[in-house]
Participant: 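First the structure, then my questions, so here it is.
The structure presented is a predicted model; accordingly, all values stated were derived computationally and were not measured. Both backbone and side-chain heavy atoms feed into the values below; hydrogens, waters and symmetry mates do not.
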Amino acid sequence: MKDDTLTLADDLVLTRMGYGAMQLAGPGVFGPPRDRAEAVRVLRTVVDLGITHIDTSEAYGPVVTNEIIREALHPYPADLRLVSKIGARRGPDGSWNRSDDLREQLLDNLAQLGVDALDGVNLRAMSDEPIGELFAATVALQKEGLVRHVGLSNVTAAQVAEAREIAPIVFVQNLYNVAHRTDDALIDSLAADGIGYVPFFPLGGFTPLQSDTLARVAASLGASPQQTALAWLLQRSPNILVIPGTSAVAHLHENVAAADLELPAEALAQLDTIQGSWSPAH
């Protein structure tokens with residue numbers, strides 16, 4: 001894997017190729033995995049490959065992914081950074097619901113992962129309503145020493161601006177990929193301010209990217225469409241950190257290989273034609 005990192009703070013240096021733990025849970029990100037032993041192998045391979053950024057959440061499973069991360073990797077390597085989310089809980093039916101008990105949720109993350117503080121936590125917005133009160137509560141947890149750095153997830157540009165009036169953020173985690181680019185202007189503005197951007201659903205998530213153009217460009221490069229989509233993100237802006245998820249070691253290796261894939265100008269121009277051709281499942 002290419003030695004490509006992004007420094008967001010003195011104690012927050014992340015490999016731009018990270019790992020998202022969501023797929024370690026069962027179908028629909030709910031319940032236990034089909035193969036827990038393979039999930040453990042995936043996480044240990046993540047560390048072996050030099051990845052220093054693992055994204056997780058108490059809501060994945062719920063609890064499942066955090067417990068597998070602890071089983072596989074605790075005590076954690078000194079350079080590994082764990083980033084979680086607060087602001088959403090899972091219902092017994094698997095539904096995603098807003099949660100205002102941010103301190104309790106953060107403490108749950110700490111207990112499940114076996115740490116005294118998280119390296120980063122994103123406040124996940126559940127609507128486009130103002131988030132100032134919830135973000136102020138998140139910052140209070142940072143001041144308490146329960147988390148070192150804070151960010152935002154699933155937010156609008158207006159919510160980002162609102163939060164930044166309260167306290168600095170180190171990253172924003174939003175829906176973005178080669179075919180869904182509504183955050184283009186936000187990415188550029190964050191890059192100018194040294195703030196990281198973490199696209200979720202980089203490969204389409206529950207609605208995998210399907211594009212003849214993407215497949216054609218990938219074939220011309222001797223790569224898979226998934227590798228090409230990840231490489232496009234890494235070349236899109238130097239502040240982008242990708243966190244593709246998988247529950248299989250072989251697939252993990254394929255994703256990580258995308259960090260070494262260089263897309264020529266002609267390929268980038270062709271990929272630009274597919275934006276707007278995909279939308280997430282609701």
Side-chain angles (χ1 to χ4, degrees), residues 6-15 18-22 24-25 29 43 47 51-90 96-126 130-155 159-160 162-174 194-198 200 241 243:
L6 181 62
T7 299
L8 298 172
D10 290 343
D11 60 343
L12 192 64
V13 180
L14 305 175
T15 48
Y19 174 75
M22 184 175 72
L24 295 184
V29 201
L43 287 163
V47 169
I51 292 171
T52 65
H53 177 197
I54 293 181
D55 178 87
T56 185
S57 172
E58 178 271 340
Y60 296 163
V63 182
V64 170
T65 62
N66 280 353
E67 290 183 344
I68 297 175
I69 289 170
R70 181 173 184 171
E71 175 186 343
L73 300 177
H74 192 277
Y76 302 108
D79 62 347
L80 184 65
R81 301 292 176 257
L82 299 175
V83 179
S84 191
K85 283 168 285 296
I86 55 177
R89 292 271 199 184
R90 304 299 293 280
W96 297 80
N97 306 298
R98 171 174 158 163
S99 172
D100 293 349
D101 60 344
L102 302 184
R103 189 174 193 279
E104 179 183 345
Q105 200 172 3
L106 183 51
L107 291 175
D108 286 347
N109 273 282
L110 299 181
Q112 293 154 14
L113 291 165
V115 295
D116 295 326
L118 279 173
D119 297 296
V121 70
N122 288 309
L123 171 64
R124 190 188 195 284
M126 298 298 290
I131 60 167
E133 184 176 347
L134 286 175
F135 186 67
T138 304
V139 173
L141 298 173
Q142 180 185 27
K143 292 177 179 177
E144 193 177 338
L146 298 177
V147 59
R148 298 181 182 92
H149 302 282
V150 295
L152 303 166
S153 178
N154 198 43
V155 286
Q159 288 172 322
V160 172
E162 179 188 7
R164 293 182 67 190
E165 288 291 323
I166 297 170
I169 60 172
V170 292
F171 28 50
V172 170
Q173 185 180 96
N174 272 2
I195 297 171
Y197 184 91
V198 186
F200 66 72
L241 304 123
I243 51 168

Participant: Report the relative orientation of the aromatic rings in W96 and Y60; use parallel for angles under 30°, tilted for 30 to 60°, perpendicular for over 60°.
Facilitator: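 Rings of W96 and Y60: perpendicular, over 60°.
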Participant: If you apply the rule side-chain contact (heavy atoms from CB on, under 4.5 Å), what do you find for R98 with L134, and how did you get there?
Facilitator: CA-CA 11 Å; R98 171 174 158 163; L134 286 175; 3.6 Å; yes
Participant: Measure the spacing between OG1 of T65 and CG of L113 and express it to the nearest 0.5 Å.
Facilitator: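 Rounded to the nearest 0.5 Å, the OG1-CG separation comes out at 8.0 Å.
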Participant: Work out which heavy atom in L241 is nearest to a heavy atom in G196; give both atom names and the distance.
Facilitator: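 Taking L241 first and G196 second, the nearest heavy atoms are CD1-CA, 4.3 Å.
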Participant: As an exercise, state the distance from CD of Q105 to OG of S57, rounded to the nearest 0.5 Å.
Facilitator: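 It is 6.5 Å, given to the nearest 0.5 Å.
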Participant: Could you list the donor-acceptor pairs under 3.5 angstrom formed by side chains in residues 114-126, with sequence neighbours left out?
Facilitator:
unit_1 : atom_1 : unit_2 : atom_2 : d
D119   : OD1    : R148   : NH1    : 3.0
D119   : OD2    : L82    : N      : 2.9
N122   : OD1    : L152   : N      : 3.2

Participant: On a heavy-atom basis, which atom in V64 and which in L24 lie closest, and how many Å separate them?
Facilitator: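 Here V64 and L24 meet closest at CG1-O, 4.4 Å.
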Participant: What is the distance from atom CD1 of I243 to atom CE of M22, rounded to the nearest 0.5 Å?
Facilitator: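 Those atoms lie 8.5 Å apart.
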Participant: Would you say S153's side chain and Q173's backbone share a donor-acceptor pair under 3.5 angstrom?
Facilitator: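 Checked: pair present.
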Participant: For I51 and Y19, which heavy atoms make the closest approach, and how far apart are they?
Facilitator: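 Answer, listing the atom of I51 first, then Y19: CG2-N, 4.1 Å.
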Participant: Using atom types as modelled and distance alone, determine if a side-chain donor or acceptor of N174 lies under 3.5 Å from a backbone N or O of V155.
Facilitator: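 Side chain of N174 to backbone of V155: a pair is present.
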Participant: Are any side-chain N or O atoms of T52 and backbone N or O atoms of T15, one a donor and one an acceptor, separated by less than 3.5 Å?
Facilitator: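 Yes; judged by distance alone, with no hydrogens or angles, the pair exists.
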Participant: Can you find a heavy atom in the side chain of L43 that is under 4.5 Å from one in the side chain of I54?
Facilitator: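 The answer is yes, as the side chains (C-beta and beyond) meet within the 4.5 Å cut-off.
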Participant: If I take atom CZ from residue F135 and atom CZ from residue R164, how far apart are they, to the nearest 0.5 angstrom?
Facilitator: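 Answer for the CZ-CZ pair, F135 versus R164, is 10.0 Å.
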Participant: Any heavy-atom pair between the side chains of Y197 and L6 that's under 4.5 Å?
Facilitator: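 Side-chain contact under 4.5 Å: no.
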Participant: Report yes if some heavy atom in the side chain of Q112 is under 4.5 Å from a heavy atom in the side chain of T56; otherwise report no.
Facilitator: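 Q112 does not reach T56 side chain to side chain.
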Participant: Which heavy-atom pair separates R70 from A111 by the least distance, and what is that distance?
Facilitator: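 So the two residues come closest at NH1-O, 2.8 Å.
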Participant: How far does NZ of K85 sit from CG of N154, to the nearest 0.5 angstrom?
Facilitator: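 Output value for this atom pair is 10.5 Å.
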Participant: Using a 3.5 Å distance criterion without hydrogens, assess whether the side chain of E58 forms a donor-acceptor pair with backbone atoms of N66.
Facilitator: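 No, E58 side chain to N66 backbone: no donor-acceptor pair under 3.5 Å.
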Participant: With side-chain contact (heavy atoms from CB on, under 4.5 Å) as the test, would you mind laying out the steps for D55 and V198 before giving the verdict?
Facilitator: CA-CA 10 Å; D55 178 87; V198 186; 5.6 Å; no
Participant: Under 4.0 Å between a Lys/Arg side-chain N and an Asp/Glu carboxylate O for R81 and D11?
Facilitator: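 So R81 does not pair with D11 through a salt bridge.
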Participant: Is a donor on one side and an acceptor on the other found under 3.5 Å between the side chain of E162 and the backbone of I131?
Facilitator: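 Checked: pair present.
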Participant: What pairs with R90 under salt bridge (charged side-chain N to carboxylate O under 4.0 Å, His left out), at least two apart in sequence or on another chain?
Facilitator: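 Residues passing salt bridge (charged side-chain N to carboxylate O under 4.0 Å, His left out) with R90: none at all.
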Participant: Got L141 and I86 here, is their nearest side-chain heavy-atom distance under 4.5 Å?
Facilitator: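 Answer yes - side chains close enough.
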Participant: Measuring from L106:CG to R103:CZ, what's the distance to the nearest 0.5 Å?
Facilitator: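 Between atom CG of L106 and atom CZ of R103 there are 8.5 Å.
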